[in-house]
Number of protein chains: 2
Amino acid sequence: MIENDFFRALADPTRRAIFEKLAAGSMNASALRNGMEISQPAMSQHLAVLRSAKLVREQRQGRFVNYEVDPEGLALIAQWLAKYRAYWPDRIAALKVLLKDMDQ
Amino acid sequence: MIENDFFRALADPTRRAIFEKLAAGSMNASALRNGMEISQPAMSQHLAVLRSAKLVREQRQGRFVNYEVDPEGLALIAQWLAKYRAYWPDRIAALKVLLKDMDQ
DNA sequence: CCGACACATAAGCATACACTTATCTGATTT
DNA sequence: AAATCAGATAAGTGTATGCTTATGTGTCGG
């Protein structure tokens, strides 16, 4: 059950912070730690969780490992959310505008 | 931090099952238990978590309490997701179609 | 009013989870 | 080749969480 993975992954505030940081630009695990008050193993463990949830993907670069947002996880969340479109309130009109932006 | 509430609430598979059942049609706590192999207190506790995450709302009806999907929680998830629209893959085109349906 | 019913709350317990320190792997540099 | 550095993994620990068995609260029917 893949839903379990991404909801569990995002249930932790530290992991959401990591994800948000990566959304602002891909970087390696050490760079992610800057200004985050988190140990190296903790970061590594969080990244492993985000990875198995398809929210983040890695790319070895020498002895660094570059991390970036994996669109697949976001797609899965969007698909889950789409199931409940019958309940989306008008407020979600904002989302429609955003989607139009995607067409640019 | 409201994000914490809904991600934590949905991280549990039992709560997602309850939510999905409610999405198919509002009903009271006892009806929700049908075919779910879950104790009455457990259900009550799960509903409390979903309630505080704004994913579900209640409505007293005599000695029954009717539960239904609360659009507010879904809206919050959609808003969170919208922040990362830059990473949405083309696959999400399906979502655009769904949104067009909403305009009917 | 009193028993039954729908549901919430309390308290206790077992497991999951996020952290720690220590160690390991693999790549780079000198 | 040896030291160093980026990162992963292992093992242990405290706390959060989902469950259980009571018990409490409010509403209804007789």
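Here is the naming used below: chain letters follow the sequence lines, and residue numbers restart at 1 for every chain.
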**Message:** So, OP1 or OP2 of C:dC19: does either fall under 4.0 Å of a side-chain N or O from A:Ser39?
**Reply:** no
**Asked** Is A:Lys54 close to A:Asp5 at the side-chain level, that is, under 4.5 Å between some pair of heavy atoms?
**Response** no
**For DNA chain C, the residues among residues 4-16 of chain B that have a non-hydrogen atom under 4.0 Å from it** = none
**Fill in**
Looking only at heavy atoms, the pair that brings B:Asn28 and B:Ala31 closest together is OD1-N, 2.9 Å
**Item:** A:Tyr87 to B:Gly25 - nearest heavy-atom pair and separation
**Value:** OH-N, 4.3 Å
**Asked** Using the benzene-type ring in the case of Trp, are the ring centres of B:Phe7 and B:Trp80 under 6.0 Å apart?
**Response** yes
**Asked** Should the pair B:Lys83-B:Glu3 be classified as a salt bridge under the 4.0 Å nitrogen-to-oxygen rule?
**Response** yes
**Prompt:** Taking five pairs at each end, how big is the angle between the two axes of the helix from C:dC1-D:dG30 to C:dT30-D:dA1, to 10°?
**Reply:** 20°
**Item:** Base versus backbone protein contacts along nucleotides 4-11 of chain D [heavy-atom cut-off under 4.0 Å; B, S, -]
**Value:** BBSBBBB-
**d(CG, B:Leu32; C1', C:dA6) in whole Å** = 13 Å
**Request:** Measure the shortest side-chain to side-chain distance between B:Ile38 and B:His46 over non-hydrogen atoms and say whether it is less than 4.5 angstrom.
**Result:** yes
**Asked** Within the side chain of A:Arg60, is there an N or O that forms a donor-acceptor pair under 3.5 Å with the backbone of A:Gly62?
**Response** yes
**Prompt:** Which of these passes side chain to side chain contact (heavy atoms under 4.5 Å, CB included) with B:Arg15: B:Leu55, B:Val56, B:Leu50, B:Leu10?
**Reply:** B:Leu50
**Item:** Close side-chain approach of B:Leu47 to B:Leu32, heavy-atom, < 4.5 Å
**Value:** yes
**Complete:** Taken to the nearest whole Å, CD/B:Gln59 to P/D:dG26 is 20 Å
**Prompt:** In whole angstroms, how far is the C1' atom of D:dT20 from the CD atom of B:Glu37?
**Reply:** 14 Å
**Complete:** The single option from A:Glu72, A:Glu68, A:Glu58 that satisfies salt bridge (charged side-chain N to carboxylate O under 4.0 Å, His left out) with A:Arg51 is A:Glu58
**Asked** Side-chain contact, heavy-atom cut-off 4.5 Å: B:Met27 with B:Asn34?
**Response** no
**Asked** How many Å lie between CZ on B:Arg33 and C1' on D:dC19, as a whole number?
**Response** 13 Å
